Amino acid sequence: MKRIKQYLIIGLATVGLWGLDSCTKDLNRLPYIQVTSATVFSNPQSIKQALAKLYAGLTLSGQDQVNEPDIQASDIGSNTFFRNYWEAEELPTDEAVISWNDADLQQYHLMNWTANMSFLKLMYNRVFFEVAACNEFLREMDKLDLSKFSPQDTVNFATYKAEARFLRAFAYWVALDFFGNSPFATENDPVGKFLPPQISRADLFKYVESELLDIQNLLPDPGQNEYGRADKACAWFLLARLYLNAQVYTGQARWTDCITYCNKIIQSGAYHLASNYAQLFEIDNRQTGEIIFPLRANGLTSQSYGNTTFLVHAAVGGNMNASNYGITGGWAGLRTTKNLVNLFPNGDSSVDKRAMFYTNGQTLEISDIKDFSNGYAITKFKNIDSHGNPGSDPTGTFVDLDFPLFRLGEVYLMYAEAVVRGGSGGDINTAVNYINQLRQRAYRNTSGNITASDLTPDFILDERARELYWEAIRRTDLIRFGKFTSSTYLWPWKGGVKDGQGVDAHFNLYPISADDIIANPHLTQNPGY
């Protein structure tokens, strides 16, 4: 979609937003800008801009990078969906540590968070802000008098509604994965002082599944929507990921269904593996043909400290030359642990090109999380293109890097895992072939190829780390494999101990925000909090 037109807010705050501050209070505040829904939903262009706001809700703070945030935070750069989602998926794992202790950010890696953790509250609020924004968009779309619009507009509006439902399903999938039993509302619920009821994790699974199944044929064919907007393959991908984790969410395995939707994506022929792994994380990554759903960024027209600007800057520090990453300065924050490094032959890129580590001045061991030099730095994400040209922002501050939220490489890995775990409709030799395609790209030859006997669950978990590290899925993976809280798999500072220790199983779910528990009597806190 054209660069999100600085994200017209549609008076959402006047019509029943739950998800702000404590989700169910402060519902009668004035609109952020004096634009009414009647004005916005009066012409096709502004309706498309309202849809753009829903996509922008995943990467931007609000109307701009400084003023008018959607959700208040002490640091406006910390209140975006993407940045909080990435931190909640990566920082509690073996893939990432961060040197800053802004407020209570270190609680993630030390695995000692509470329902009052400020960053968890931001994540919680962002999830339900996105849900609420999608709900309100759908309410307004249902009010349209279609006789006032052209036949083509009517067709477009049906697509917009399906896209909004996809974005809402994605937000609810995050709620399902992070919080389990969650507040729940749709466009059919009343607005105003409505307090949303709590839905069980199993029922939320059914809802997300039913929404995705219902909209899959309402979305454009794979690769046929504007880049960055949802199509059928986005719905299929989220269904595959939902089914991959179904046993965690509901207690019932759905491996066969995972294979079914992986096959739909692969057999569509709309996507292919990038020839160069590194280009997937450079600013011309849309040219690779591998990305199914990106979170878009532009250093001039969608400036934010909480999109991939955070991911690029926070990973640069110490002896690293910031200009090599297309920026003018690093924030000296993010590194990785030895567990990830040790998954690669020789611990560097001499064999597997996916091993993108910076070691000069860095130690493999982490004695002090707050010291950037402790832990290898990651050089995966860059604000340069595949020819070495920097991004569009001449100040080198804001980046042009789209984040590959869904990509074909993960589809191959989901397919292989579901086959190994006993799903029907797949084939072990096909699974091996998909994994070998990923490894041939990484090794630049066939020396890393595996056979069917190598394709075990433990191998797949390790291969997912090698292929997908820092792509905001590691926590979910470790939980699915029973290793997130367990004492059988440790990493530095897990559980607040230098060599790592197991923690109580209640940490497999995040807590519902303490503020929302107080504000909404319908909600019950997750066990252990």
Side-chain angles (χ1 to χ4, degrees), residues 1-8 44-45 47-60 80-82 130 134 152 155-167 169-170 215-216 218-238 264-266 268-304 307-309 311-312 381-387 389 391-393 398-411 471-472:
M1 165 176 312
K2 279 202 170 186
R3 198 33 55 203
I4 301 178
K5 276 300 190 189
Q6 285 315 69
Y7 324 124
L8 186 60
Q45 182 180 6
I47 290 173
K48 189 176 183 182
Q49 290 172 356
L51 174 68
K53 170 63 184 177
L54 305 183
Y55 284 95
L58 298 181
T59 56
L60 301 186
T80 63
F81 186 107
F82 169 74
E130 183 69 13
C134 293
Q152 185 58 56
V155 171
N156 291 342
F157 295 162
T159 301
Y160 297 171
K161 289 173 66 175
E163 290 178 68
R165 290 171 67 187
F166 166 77
L167 293 170
F170 173 70
I215 66 173
Q216 60 178 323
L218 304 177
L219 291 164
D221 288 339
Q224 296 305 301
N225 209 344
E226 292 179 87
Y227 182 73
R229 290 173 59 189
D231 59 22
K232 286 182 173 69
C234 293
W236 297 339
F237 185 102
L238 192 52
K264 282 182 176 288
I265 297 169
I266 296 165
S268 75
Y271 309 98
H272 59 266
L273 289 186
S275 59
N276 183 348
Y277 180 80
Q279 191 181 357
L280 285 165
F281 315 102
E282 296 170 336
I283 61 177
D284 53 357
N285 56 5
R286 68 176 297 175
Q287 298 174 10
T288 63
E290 183 170 338
I291 298 175
I292 297 167
F293 184 49
L295 299 183
R296 306 228 32 208
N298 184 288
L300 295 179
T301 58
S302 61
Q303 295 179 342
S304 171
N307 58 8
T308 46
T309 293
L311 197 50
V312 175
F381 295 91
K382 302 178 180 69
N383 186 39
I384 59 172
D385 65 21
S386 54
H387 304 290
N389 302 305
S392 59
D393 179 10
F398 300 105
V399 309
D400 292 346
L401 176 63
D402 297 341
F403 185 79
L405 190 67
F406 300 168
R407 63 181 177 90
L408 184 63
E410 186 177 348
V411 177
E471 294 184 48

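In this text, all values refer to a predicted model and were calculated from it rather than measured experimentally. Heavy-atom basis, side chains included; hydrogens, waters and symmetry copies ignored.
- Here the straight-line distance linking atom CD of Glu471 with atom CZ of Phe406 works out to 12.5 Å at 0.5 Å rounding.
- By the 4.5 Å heavy-atom criterion applied to side chains, Arg165 and Leu218 are counted as neighbours.
- A donor-acceptor pair under 3.5 Å links the side-chain atoms of Asp400 to the main chain of Ser392, judged by distance alone.
- For Ala162 against Ile215, the heavy-atom pair with the smallest separation is O-CD1, 3.7 Å.
- The aromatic rings of Phe381 and Phe403 lie parallel to each other, with less than 30° between the two planes, well short of the 60° mark.
- Considering only heavy atoms from C-beta on, Glu290 stays 4.5 Å or farther from His272 through its side chain.
- Minimum heavy-atom separation, Leu60 to Thr80: C-CG2, 3.6 Å.
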- [ ] Decide yes or no on side-chain contact (heavy atoms from CB on, under 4.5 Å) for Asn383 and Glu282, but give the supporting numbers first.
- [x] CA-CA 6 Å; Asn383 186 39; Glu282 296 170 336; over 6 Å; no
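- For the pair Asn298 (side chain) and Thr301 (backbone), a donor-acceptor distance under 3.5 Å is present.
- Residues Ser304 and Phe398 are not in side-chain contact: their nearest non-hydrogen atoms beyond the backbone lie 4.5 Å or more apart.
- Separating the CZ atom in Arg286 from the CD atom in Gln279 is a distance of 12.5 Å, to the nearest 0.5 Å.
- Taking Lys382 as the reference, nothing meets the salt bridge (charged side-chain N to carboxylate O under 4.0 Å, His left out) condition, with sequence neighbours excluded.
- Across all their heavy atoms, Trp236 and Ser268 have their closest contact at CZ3-CB, 4.4 Å.
- Interatomic distance, Asp284 CG to Asp385 CG, rounded to the nearest 0.5 Å: 4.5 Å.
- Rounding to the nearest 0.5 angstrom, the gap separating the OG1 atom in Thr159 from the CZ atom in Phe166 is 14.5 Å.
- Within the 4.5 Å cutoff, no side-chain heavy atoms of Ile291 are placed close to those of Asp402.
- Between Glu226 and Lys48 there is a salt bridge, since a side-chain N of the basic residue sits under 4.0 Å from a carboxylate O of the acidic one.
- Between Glu410 and Ile292 the shortest side-chain heavy-atom distance does not fall below 4.5 Å.
- Summarising the geometry of Gly228 relative to Phe293, their closest heavy-atom pair is O-CE1, 3.5 Å, with the distance given to 0.1 Å.
- When side chains are defined from C-beta on, Leu401 counts as touching Val312, because their heavy atoms get closer than 4.5 Å.
- Put simply, the side chain of Asp231 never gets that close to the backbone of Pro220: no donor and acceptor are under 3.5 Å apart.
- Side-chain contact between Ile266 and Val411 is present, with at least one heavy-atom pair separated by less than 4.5 Å.
- Rounding to the nearest 0.5 Å gives a distance of 10.5 Å between CZ of Arg407 and CG of Asn285.
- Atoms CG and CD, from Asn156 and Glu163 in turn, are 9.5 Å apart once rounded to the nearest 0.5 Å.
- A donor-acceptor pair is defined here as one N or O able to donate and one able to accept, closer than 3.5 Å; no such pair exists between the side chain of Lys232 and the backbone of Pro222.
- Residues Ala297 and Thr308 approach most closely at CB-OG1, 3.7 Å, considering heavy atoms.
- No donor-acceptor pair closer than 3.5 Å links the side chain of Tyr55 to the backbone N or O of Leu167.
- In this structure, Leu54 and Cys134 approach most closely via the heavy-atom pair CD2-N, 3.8 Å.
- A donor-acceptor contact shorter than 3.5 Å is absent between the side chain of Thr59 and the backbone of Leu295.
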